[in-house]
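A note on names: the letters A, B, ... follow the listed sequences, proteins ahead of strands, and every chain is numbered from 1.
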Amino acid sequence: MTKPVVALKSVVIRFAGDSGDGMQLTGDRFTMDTASLGNDLSTLPNFPAEIRAPQGTLPGVSSFQLHFADHHVLTAGDAPDVLVAMNPAALKANIKELPKGAMLIVDKDEFTTRNLQKVGYETNPLEDGSLDGYSIHAIPLTSLTVGALAEVEISKKDAERSKNMFALGLLTWMYHRPTESTIKFLEAKFGKKPDILKANLLAYNAGWNYGETTEDFANTYEIAPAKMPAGKYKNISGNQALAHGLIAGAQQSGLQLFLGSYPITPASDILHELSKHKKFNVITFQAEDEIAAVGAALGASYGGALGVTTTSGPGIALKSEMIGLAVMLELPLIIIDVQRGGPSTGLPTKTEQADLLQVMFGRNGECPAVVIAASQPSDCFAMSLEAIRIATTYRVPVFYLSDGYIANGSEPWKIPNVSELPDLKVEFARTQENFLPYDRDPKTLARPWAIPGTKGLEHRIGGIEKADKTGAISYEPKNHDFMVRTRQAKIDNVEVPDLHVDDPTGDANVLFLGWGSTFGPIASAVEVLRSNGEKVAQAHLKYINPFPKNLGDVLNKYPKVITPEMNLGQLALLLRAKYLKDIISYNQVRGLPFSTAELVEAAMGVING
Amino acid sequence: MTKPVVALKSVVIRFAGDSGDGMQLTGDRFTMDTASLGNDLSTLPNFPAEIRAPQGTLPGVSSFQLHFADHHVLTAGDAPDVLVAMNPAALKANIKELPKGAMLIVDKDEFTTRNLQKVGYETNPLEDGSLDGYSIHAIPLTSLTVGALAEVEISKKDAERSKNMFALGLLTWMYHRPTESTIKFLEAKFGKKPDILKANLLAYNAGWNYGETTEDFANTYEIAPAKMPAGKYKNISGNQALAHGLIAGAQQSGLQLFLGSYPITPASDILHELSKHKKFNVITFQAEDEIAAVGAALGASYGGALGVTTTSGPGIALKSEMIGLAVMLELPLIIIDVQRGGPSTGLPTKTEQADLLQVMFGRNGECPAVVIAASQPSDCFAMSLEAIRIATTYRVPVFYLSDGYIANGSEPWKIPNVSELPDLKVEFARTQENFLPYDRDPKTLARPWAIPGTKGLEHRIGGIEKADKTGAISYEPKNHDFMVRTRQAKIDNVEVPDLHVDDPTGDANVLFLGWGSTFGPIASAVEVLRSNGEKVAQAHLKYINPFPKNLGDVLNKYPKVITPEMNLGQLALLLRAKYLKDIISYNQVRGLPFSTAELVEAAMGVING
Amino acid sequence: MADIALTKKDFTSDQEVRWCPGCGDYSILSTMQSFLPEMGVPRENIVFISGIGCSSRFPYYLETFGVHSVHGRAPAVASGLAIARPDLSIFVITGDGDALSIGGNHLIHAMRRNVELKILLFNNRIYGLTKGQYSPTSEKGKITKSTPIGSLDTPFNPISLALGAEASFVARSVDSDRKHLTEVLRAATAHKGSALVEIYQNCPIFNDGAFDSVKDPSTKEGSLLQMVHGQPIKSAKYGVVKNDLHFEVKPLDQINEVDIIIHDAHHPDPSYAYALSRLSGSELEHVPVGYSAMLLDRVTHHWSTPNLMK
Amino acid sequence: MADIALTKKDFTSDQEVRWCPGCGDYSILSTMQSFLPEMGVPRENIVFISGIGCSSRFPYYLETFGVHSVHGRAPAVASGLAIARPDLSIFVITGDGDALSIGGNHLIHAMRRNVELKILLFNNRIYGLTKGQYSPTSEKGKITKSTPIGSLDTPFNPISLALGAEASFVARSVDSDRKHLTEVLRAATAHKGSALVEIYQNCPIFNDGAFDSVKDPSTKEGSLLQMVHGQPIKSAKYGVVKNDLHFEVKPLDQINEVDIIIHDAHHPDPSYAYALSRLSGSELEHVPVGYSAMLLDRVTHHWSTPNLMK
Ligand SMILES: Cc1ncc(C[n+]2csc(CCOP(=O)(O)OP(=O)(O)O)c2C)c(N)n1
Ligand SMILES: Cc1ncc(C[n+]2csc(CCOP(=O)(O)OP(=O)(O)O)c2C)c(N)n1
Ligand code: SF4
Ligand code: SF4
Ligand SMILES: [Mg+2]
Ligand SMILES: [Mg+2]
């Protein structure tokens, strides 16, 4: 390294290009290399619903944002410090979020008249002065890449396709990222296509060298590792962490993990991940539809497996009748809803948290179920364990909410030791006389888990109302009332940890109360507010049904409670109904996480208002 | 008539017997004959989910209760004045609700040792004194019937089957009901089986004569006609009134009525009724399942018909994904939920009102729809017209709630003149240039109803988020937020009548606020309370989403608001969340309507508490 | 294997049977209770899973494990159980509405996956539990509560449908013929993989006499085309013969005995079984009964880890 | 009838086509846009209804009415429209996952009801839109994102399934063969009643080359068994002959030309079409293409009042 090194505390980089430009892969690789350096980080992929929308158009733009730092990182960042734009569409779609002064790297070759017209640029922004104020690096990325690959026997098209590796190489150089793991990755990926492998490696190298040798870039940057609690870390997406948590929890419970699923964005990756782990006694069953998926999971739970089903909002709508049966059968079942933009097909690749009321109430009759929600990618591991604990202890369906932001976003996750994992051992009912399938444990109100194959426990159950204790069909009015209230009491009675409130001075007036993936943005806003001298408390709900027992007291303590949600106020509705507290909602439904800035502004409005 | 006639103001009769005993038919006939006399009345059928449960058992008991009077009748009555019990099971299942002093008519022949044992009677209640205090008429109904039919060429079994007609004849005599229409009915029903017809007529006659000639009964009773607003009346069940309202409304709107349905108790009768009226431009389509049923209705609406779908709770669960599409397409659609006991299969033949939160929230994403609810059988006609008005004016899905009590219960309904019906004429979009499928009417926020076959309006729509005005696919963050809020605003903006409060003195402290089929029981309790000198106000919500505009003021006016619901407090949750008012819930979930007495007691608790 | 020989009584639960008097479900139940002991599977290893309908009350009456699930979805619930617990013997009990109307998709997928499930479809050609609407097997023109001027739909032939869905075993029998039904159950449970058994079942309340032609002693011999492996396919009056590109039913006196097709219950091409399935008209003048177990190149579906990881 | 003759351009909407480069959907779209003018139906009387999937974006690109509905349910939505509006010409566009996985039940019921719908099933044997899971038509052993050690399920043969479901018209064609596909569309739209047209469609991103054997110029002549009414059913190398109780594909040099079955596109017994459907192995060594329109004793389903009340 010959160029001067500038030390930074944190950087936000956004890679943006065509859907076919490999921006997700580029971002992923840069993230992995960054994680291996010990920075803390957070990512935000953002891509269209089409597999590959038409080249060079605005709807076809795919981007990946990464925030990494020498300290604890809470969000993927409001605005990039560096934007890599592979074509005019990528520039146009992203430039409004780029603050003046930021670095802009573009592929000059793509700024042809035709491409500019496609996205409605009348003049070339690289030349018309409209980008003044940015630190622009207009590089002929395509032609440099093609040039670097002259010696390789591949088509021009294939050569051009490697330009993302050129960009990656350049950024790798600029931020002093290690190259080994990306080289290994490419070798594994293209092992069977030596020419393509060679092309990618050459392009990667060429990008690195471009930074090092040309005068285009004056500095390189270094970001020191973040201080994180001791341990081994792995960069992990929410979907991965969730899947690993399920596997770990199933192992701890001694149960076979049975996933019944039907593919749907953004939940499919959990199916993909779990289907790789048959050796951990995981069975994955891709069903014909969502109803069959949850039905099969319930059937497996009935048989003594840990039945799990994964989906997104539209799938939950379809599963609701079968979940009603699960409520009646009182069997463990985990229903994972990775929320996306709705209603209907909505914005399938974007994030949202508008399924809360659906999972609370979207079933016929009084049909209560547990609802929990993960707050960030790494938290998904722990919440999977919690889902298993609750489902198996109480024999109830547990809705476990994630969303597109958590699912696809990633951050470092501290790999736990097996010895740290909770004991989730499960006891099935044993052979006995006069077995009563609906006799309850007085503490948990759980009924016995009596699986086929156990002599003497033969019994019949179903969705019709059942007599207390015997479980036989009963149309008796009083029994129905009793059973309805008992099923409700069982959920109300589930033990969940108290809500932790972060209020350093103890005398804040305003409480930020969130749930789900708003954790990062809220925490980040709280940091800013506090550094501005404001007193704000923060608390985050991971248990929504039942609520933590101390929630009422917490709400009482703070005169003003703001609840930001990526919906029109669904948690607020539940809080208002239960606690008659005038929650102040801050809502947006844009398919994107909140920015720190808007939450700071919202809070200031409340503080001053 | 030779026996003395006692004048009564009102009577409650309950017919109870085996599922195979024809109690529903008997009750129906008695009701029709009573309606023709001009009494006001209300009925409550109550039967098991099995078509015909085993003879003589408790689960096999089927009953029908009728309350008729010389004044306005609000419920089917808390407790019978007369119980007709065709066997020991019917006695055992019903006796606890019979107040001492009431009349009890039983078929003595059925009180055999075997039959008594079947239901756990150790001694014969007709003989052991346990029925002291009732006015008992133990009649050998079976043998009298068989005897009366000696001349007819039918099997003994068929002869015995006619005993319900014997009972009907007896009661008909006792209450001076006319016999013509039942004779006509029997002639139509058994026209093709002359022996069976003869048997039924003879048994009917024999029952009548038994009353007249034996000394078993000392008196007969007369109930004067009720004073009702002038007009032609017809006794009608809620399901019938609902169906007629749909037909009338469709005619008023000029639209074809398209019902897509899948049979389910207690909604199926709407399908049966509508399928008889093809001549009124009604098409009924029995689909392969609930999803296809609502899908077909939506397809028909897209084509310019009035799409309707009918179901009960489990069917709503299945339909929710498709209803999400309807919300996105912004087309008229009426979804009728005749609620039954839940969750899951629950108590399929019993009543409940526990689907309210499901229809409010049971869809992915922010997916608002209108919710209205009928309050009594005859009200179903008017609410069908309202459902059509709202669906076609605003081009939105309308959930229209009924329940088992309203659906199967009946009462006199004043047949309206066509001239009294509202004008519901609908305008489709006409041929035009630069057609914008999501350009809205500024007042209603409705988009144009642009049906295929109209030249120049060719356009494509779907469940993915749409750009404002053009309706083209849009993933634009701001547009999504705008559209989500617009769809919500459109529902919030629906015009519904103000809530009417019945508060004669104007200074009541306590408001009874109900919705759905609790109307009768609440009104009846209010009558009792007022006659006891208590001041209570009553209001009944027929429009739940949006709420009437004056609801907040109404709630503010009354310090105490009691909301009785046959669920665990679903309307209360909505009211609490929206108005932060501490609603006092009174809940029971027994599959049966409230009794007047328990509501009076509940109110007294609040008044004194 | 059960330690002690079990009897019919051992398979009878303490629940009161709640079907209408004369319902065909009674005799199917009784046949099943008699058949189960001979299977030699302990009671606790047998599970009956049903949907919703009169027929779907079946599990309550058997002293085994049982789930009365939701309408149409029994094959899905049962598939999950079968995959998680290959040690169990699982029956699915369903009706013509449950299996073919709301549940059609799960049925065809269970067939193609060849999950180890024995699916018994009680076909009464009507919706019983909801009191008499037409079903996907009701004949065209049928007048019911929901079709007062006659239905318009062509009915499914459940056997043809299963064969269209890659079924590996299909059979048909009649509620009242206990001997024949027992044979069919024996073959179905011996088969490795999923089996669809259609059972004609009389509903005396809402569709009485629907199967009289195959039940009435005066006509049944003539209408039941017996499919017995290695035997000519014929009834007392008719035989099945080839006619150029398809099969036909002809009066015995118009054909030569040698031309009658000899049933090959294990013919590997489902075209053969499909062609036979087309011979039952919706008027039930002729109804092939018996079974075909295609020896397709398929093993039973097995997801369980041990099998996969070997 | 349209007043002025329309052209392909008139049927092209202003929406940007958003499929991947090289996707087979492009050529199907182009064939359709070229075919529509010849139907002679005004644009406003044509409706395309689709489910969800890459293929289901099809309606956006046609200047007709169109609904992009929800996953698997297009036949249900289209049935309602068709019954309410018998004056319209309605196409259903669906994929192998959309039609056969989540939507299987609606598909088979549309078939048996014979509603006037033309259902075009774009079969790429993969889930495209959700990025490459196996589908109900994926071959056994297929390695995909959700089946990393190979799928276990026997695939559906969409033609067999439709015939099991009482279809009155079935056909198969290939995305890239515009001439053949046009002929099939012509026959399907001429047919009175529902029609299922399976179109093999290449997905270059997630299942590239799935249909190479029937598309590659070097092999396609040999593998495509042409079903042309009145002509022998054969490819350049193979012919279809009878073998006792079923049909077989044999090399031309091992059979006599006269033994080759002459295609009867209107054979009334679906056994015939079913037997032909069995000849396409999952390896696609042989694939019958063309159509069979059973002249069954069925009229198109018609609920509309005028017809019923006459
Ligand atoms: C989701 C749902 N839809 C509808 C119903 C109502 N339902 C119960 S059973 C049934 C059909 C019964 O017919 P079939 O399957 O033929 O059984 P059978 O009663 O004739 O034995 C219907 C429509 C239901 N229980 N659940
Ligand atoms: C209810 C629901 N479940 C799942 C999905 C996700 N999904 C969208 S398309 C699709 C399958 C696409 O496969 P196919 O029908 O073969 O169409 P292709 O993309 O291959 O053309 C799936 C599973 C969805 N949109 N809705
Ligand atoms: S209604 Fe029919 S099928 Fe149902 S129990 Fe009665 S007789 Fe049997
Ligand atoms: S993923 Fe496959 S099917 Fe979908 S658009 Fe791309 S190439 Fe076509
Ligand atoms: Mg049936
Ligand atoms: Mg596909």
Side-chain angles (χ1 to χ4, degrees), chain A residues 18-20 24 47-60 89 118-119 157 161 259 261-279 282-293 310-315 317-318 342-346 348-349, chain D residues 15-23 25-26 50-57 60-61 67-73 96-107 124 126-136 138 142-153 156 203-206:
Chain A
D18 235 28
S19 299
Q24 301 304 323
F47 43 87
E50 290 81 14
I51 299 305
R52 226 152 271 179
Q55 246 181 322
T57 65
L58 287 171
K118 259 194 205 167
V119 296
K157 216 168 129 195
R161 276 212 193 131
L259 175 73
S261 186
Y262 186 72
I264 188 167
T265 305
S268 309
D269 280 338
I270 306 173
L271 164 64
H272 305 159
E273 183 65 33
L274 287 176
S275 64
K276 291 182 203 150
H277 297 284
K278 307 237 173 226
K279 62 175 174 298
V282 175
I283 292 185
T284 55
F285 173 63
Q286 181 179 316
E288 58 271 27
D289 65 13
E290 282 85 353
I291 307 178
T310 48
T311 189
S312 186
L318 289 167
S344 193
T345 306
T349 57
Chain D
Q15 294 292 302
E16 222 159 30
V17 184
R18 295 195 191 166
W19 288 308
C20 309
C23 178
D25 293 349
Y26 282 101
S50 64
I52 300 286
C54 295
S55 33
S56 289
R57 295 293 181 95
Y60 288 112
Y61 310 134
V67 180
H68 183 211
S69 75
V70 289
H71 195 31
R73 319 295 176 186
D96 43 324
D98 193 61
L100 298 171
S101 197
I102 192 166
N105 204 28
H106 309 301
L107 183 77
N124 55 12
I126 199 81
Y127 287 1
L129 191 67
T130 48
K131 306 196 177 174
Q133 300 82 14
Y134 82 127
S135 93
S138 297
K142 177 130 198 150
I143 293 188
T144 69
K145 277 197 189 142
S146 56
T147 54
I149 51 177
S151 88
L152 295 159
D153 301 343
F156 280 137
C203 167
I205 305 295
F206 296 113

(message) Any side-chain to backbone donor/acceptor pair from D/Y127 onto D/D96? Under 3.5 Å, distance only.
(response) no
(message) In the structure I gave you, are the side-chain heavy atoms of A/L271 and D/K145 within less than 4.5 Å of one another anywhere?
(response) no
(message) Under a 3.5 Å threshold, yes or no: a donor from one side chain and an acceptor from the other, between A/S261 and A/T310?
(response) yes
(message) Counting only non-hydrogen atoms closer than 4.5 Å, does A/L318 touch chain D with its backbone (N, CA, C, O), its side chain (CB onward), both, or neither?
(response) side chain
(request) Sort A/S19 into side chain, backbone, both or neither according to what part of it lies under 4.5 angstrom from a heavy atom of chain D. (result) neither
(request) Name the region of A/A287, side chain, backbone, both or neither, that has any atom closer than 4.5 Å to a heavy atom of chain D. (result) backbone
(request) Answer with side chain, backbone, both or neither: which region of D/I52 has an atom nearer than 4.5 Å to a non-hydrogen atom of chain A? (result) side chain
(request) Heavy-atom distances under 4.5 Å only: say whether D/H71 touches chain A with side chain, backbone, both or neither. (result) side chain
(request) Side-chain contact test, heavy atoms from C-beta onward, threshold under 4.5 Å: evaluate it for D/D153 versus D/Y134 and give yes or no. (result) yes
(message) Counting heavy-atom pairs closer than 4.5 Å to chain D, which one of A/P59, A/P314, A/P263 comes out on top?
(response) A/P263
(request) Check each atom of D/S151 against the heavy atoms of chain A and say whether the ones under 4.5 Å are side chain, backbone, both or neither. (result) neither
(message) Closer than 3.5 angstrom, by distance alone: can the side chain of D/T144 be matched with the main-chain N or O of D/Q133 as a donor-acceptor pair?
(response) no
(request) Using a 4.5 Å cut-off on heavy atoms from C-beta on, say whether the side chain of D/Y61 contacts that of D/W19. (result) yes
